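Every number for a ligand or one of its atoms is a count from 1 in the order of the listing. Hydrogens, waters and symmetry mates are skipped; everything else that's a heavy atom, side chains included, is used. From a predicted model like this one, the values you see are computed outputs, not experimental measurements.
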Amino acid sequence: MRFDIVSLFPEFVAQLAAHGVVGRAGDRGLLSIHGWNPRDHAEGNYRRVDDRPCGGGPGMVMLIDPLRAAINAAREADAAPAKVLYLSPQGRRLDQAKVRELAAAPRLILLCGRYEGVDERLVQHEVDEELSIGDYVLSGGELAAAVLIDAVARLQDGALNDAESAVQDSFGGDGLLDCPHYTRPVEHELGAVPEVLLSGNHAGIARWRRQQSLGRTWLRRPDLLDEASLSKQDRILLGEFRERWLL
Ligand SMILES: Nc1nonc1C(=O)NCc1ccc(Cl)cc1
């Protein structure tokens with residue numbers, strides 16, 4: 001999979017993606033990341049990439065032409081059809097289902113804005129989808145792009161080893177929150193490890209973990225809990241958890 005980053009700080013995103021799972025996926029040839037800086041396509045000796053907002057108001061707006069030239073340079077760099085994504089708080093919320101959909105694309109061009117915004121005409125004509133990683137305001141789209149790259153890269157075949165894949169599944173695989181995790185020491189001033197995890201009873205351990213995932217999702221993120229899609233066993237486990245909780 002190929003990622004093209006259109007940004008005034010392309011090296012910033014590439015650097016974030018150079019570590020850990022994503023860096024390893026790159027080393028394995030599972031993905032590549034290329035940076036395109038609109039400033040390299042800006043005219044004049046000041047090489048402007050932004051200008052005052054029409055209608056007044058604070059801050060600056062990114063100009064159409066340098067961004068458009070950078071996007072087109074990225075498009076032409078590879079024959080595969082490209083989807084252009086713009087990261088901004090005004091976009092559709094990124095979730096694991098969307099990440100899975102994006103992971104199937106041969107390449108993605110990620111437009112990272114700075115300042116107060118990007119000229120809307122560029123967004124309307126060059127952007128296929130506007131995506132938000134959450135309802136808060138960052139200083140630019142680069143960190144959001146790095147988040148998207150990380151989540152999408154993990155889903156590339158061969159990016160994760162078996163253990164990592166299992167963790168991936170427990171986190172977002174079935175849409176529930178993850179269960180709690182413990183490691184040594186078994187006894188600690190902060191408390192003990194739940195007995196069931198020390199029992200060696202693998203069915204009991206799996207049952208407890210599933211019940212914790214269900215219970216936590218119910219308590220913390222009921223919006224994620226689609227009770228309709230729960231198995232009969234899930235509903236029994238959740239019912240037990242709720243009774244104990246409400247005692
Ligand atoms: N939340 C988010 N999810 O995706 N992106 C964000 C975000 O805050 N971007 C900052 C940003 C985006 C565009 C421009 Cl022009 C300036 C700053």
| said: I'd like to know if Leu131 contacts ligand 1, where contact means a heavy-atom distance under 4.0 Å to any ligand atom. | reply: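 Yes; Leu131 lies near enough to ligand 1 that a heavy-atom distance drops under 4.0 Å.
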
Within a distance under 4.0 Å of any heavy atom of [X], pick out the atoms of ligand 1 and give their elements.
{"X": "Gly117", "value": "15 (Cl)"}
{"X": "Arg114", "value": "14 (C), 15 (Cl), 16 (C)"}
{"X": "Tyr115", "value": "16 (C)"}

| query | Between the candidates Val147, Leu138, Leu87, which shows the shortest non-hydrogen contact distance to atom 12 (C) of ligand 1? | reply |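 Considering heavy atoms of Val147, Leu138, Leu87, the nearest to atom 12 (C) of ligand 1 sits in Leu87.
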
| message | I'd like the name of whichever of Ala145, Gly140, Pro89, Gly141 reaches closest to atom 2 (C) of ligand 1 through any heavy atom. | response |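 The nearest heavy atom belongs to Pro89.
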
| said: Checking a contact table here: which protein heavy atom is nearest atom 13 (C) of ligand 1, and how many Å away? | reply: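 Of every protein heavy atom, Tyr86 OH, 3.5 Å lies nearest to atom 13 (C) of ligand 1.
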
| Nearest protein heavy atom with distance in Å, relative to atom 14 (C) of ligand 1 |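 In this structure, atom 14 (C) of ligand 1 has Gly113 C, 3.5 Å as its nearest protein heavy atom.
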
| Given that the side chain starts at C-beta and the backbone is N, CA, C, O, which of these parts of Val137 lies under 4.0 Å from ligand 1, counting heavy atoms, or is it both or neither? |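 The backbone, only.
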
| field | Proximity of Ala144 to ligand 1 by residue part, where a heavy atom lies under 4.0 Å | value |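 The answer is the side chain of Ala144.
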
| said: Show, in sequence, the C-alpha distance, side-chain angles and deciding distance for His34 and Ser32, and conclude whether the side-chain hydrogen bond (donor to acceptor under 3.5 Å, both in side chains) test is met. | reply: CA-CA 7 Å; His34 309 261; Ser32 63; 2.9 Å; yes

| task | Measure across Met1 and Leu102 and return the closest heavy-atom pair with its distance rounded to 0.1 Å. | result |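 So the two residues come closest at CE-O, 3.4 Å.
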
| Is any NZ, NE, NH1 or NH2 atom of the basic residue among Glu116 and Arg52 found under 4.0 Å from an Asp or Glu carboxylate oxygen of the other? |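 A salt bridge is absent here (no side-chain N lies under 4.0 Å from a carboxylate O).
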
| Is any NZ, NE, NH1 or NH2 atom of the basic residue among Arg47 and Glu43 found under 4.0 Å from an Asp or Glu carboxylate oxygen of the other? |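 No salt bridge links Arg47 with Glu43.
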
| query | Would you say the side-chain atoms of Asp119 pair up with the backbone N or O of Ile64, donor to acceptor, closer than 3.5 Å? | reply |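 No; zero donor-acceptor contacts below 3.5 Å.
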
| Does Ile133, backbone or side chain, put an N or O under 3.5 Å from an N or O of ligand 1? |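 Looking only at distances, the answer is yes, because the N/O contact criterion of under 3.5 Å is met.
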
| So Trp218 and Phe241, would you call those rings parallel, tilted or perpendicular, with 30° and 60° as cut-offs? |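 Perpendicular: the ring planes of Trp218 and Phe241 meet at over 60°.
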
| task | Supply the atom-to-atom distance Leu225 CG to Thr217 OG1, rounded to the nearest 0.5 angstrom. | result |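 Those atoms lie 6.0 Å apart.
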
| field | Derivation of the side-chain hydrogen bond (donor to acceptor under 3.5 Å, both in side chains) call for Gln90 and Ser88 | value | CA-CA 5 Å; Gln90 286 73 44; Ser88 94; 3.3 Å; yes

